[in-house]
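Heads up: the structure comes next, in structure tokens.
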Amino acid sequence: MSSSAYFHSQLTCRPTVGLGFRLPRDKRNSNFKHTDHKCPFAGKWSVRGRIMRGTIVSKKMTNTVVLRRNYLHYRPKYQRFEKRHKNFSAHMSPVFEAALGDEAIAGECRPMSKTIRFTVVQVNAKSKKAASALTSAKRFKKF
């Protein structure tokens, strides 16, 4: 039996990964087939450490999204804040249905690849108006 066949045959769904994050409501009681062994709900990848919140800015990779975190940094010399951002990659299981501009919460897990150290545990859909504004130009939406 190949390793991929082993993972696909052994997957069972857990309703929660802990920390208050649950499987999406439409997937809980359905016959959804979990085929992603890196899914925090079906695989053996535990969520531990940091919990990060960001906006989805790219979905070009398979099962991976790029999240953008906006924050303010204080400059003591000028006694003002400056706007900054960081992008980070996170694994997104097929359990979630997300679009550009949606807010995602990612939990830290062990490294999946060179750049991926987080997995998405919750997606909050944004309005279509907010999604179109994000695709037209990158905007800082802290306030």
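These numbers come from the heavy atoms of this one structure, side chains and all, not from hydrogens, waters or symmetry mates.
To the nearest 0.5 Å, atoms NZ (K86) and CG (L67) are separated by 15.0 Å. Here the OG1-CH2 distance, from T119 to W45, works out to 9.0 Å after rounding to the nearest 0.5 Å. With rounding to the nearest 0.5 angstrom, the SG atom of C109 is 8.5 Å from the CZ atom of F118. For the atom pair CZ (F21) and CD1 (I51), the distance works out to 5.0 Å, reported to the nearest 0.5 Å. Atom NZ of residue K126 and atom CG of residue D102 lie 8.5 Å apart, to the nearest 0.5 angstrom. M61 contributes atom CE, which lies 8.5 Å from atom OG of S113 (distance to the nearest 0.5 angstrom).
Smallest separation of non-hydrogen atoms from H91 and C39: NE2-N, 4.4 Å. Across all their heavy atoms, V120 and F96 have their closest contact at O-CE1, 3.3 Å. Between S89 and I116, the shortest heavy-atom contact is CB-CG1, 4.0 Å. Considering all non-hydrogen atoms of both residues, G54 and R69 come closest at CA-CG, 4.5 Å.
Contacts of R50 classified as salt bridge (Lys or Arg N to Asp or Glu O under 4.0 Å), with partners at least two apart in sequence or in another chain: none. Residues satisfying the ring pair (Phe, Tyr, Trp, His ring centres under 6.0 Å) test with Y78, not counting sequence neighbours, are none. E103 is linked by a side-chain hydrogen bond (donor to acceptor under 3.5 Å, both in side chains) to R53, N124, counting only residues two or more places apart in sequence or in another chain.
Residue pairs satisfying the side chain to side chain donor-acceptor pair (under 3.5 Å) criterion with at least one member in residues 57-67, sequence neighbours excluded, are absent.
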- Item | Residue pair M112, K38: steps toward the side-chain contact (heavy atoms from CB on, under 4.5 Å) verdict | CA-CA 8 Å; M112 294 186 189; K38 293 182 179 180; 3.9 Å; yes
- Task: Under the side-chain contact (heavy atoms from CB on, under 4.5 Å) rule, what do Q79 and Y74 come out as? Steps first, then yes or no, please.
- Result: CA-CA 7 Å; Q79 298 180 359; Y74 184 69; 3.7 Å; yes
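N70 is not listed as a side-chain neighbour of K83, based on a closest heavy-atom distance of 4.5 Å or more.
Looking only at distances, no side-chain donor or acceptor of R80 sits under 3.5 Å from a matching main-chain atom of P76.
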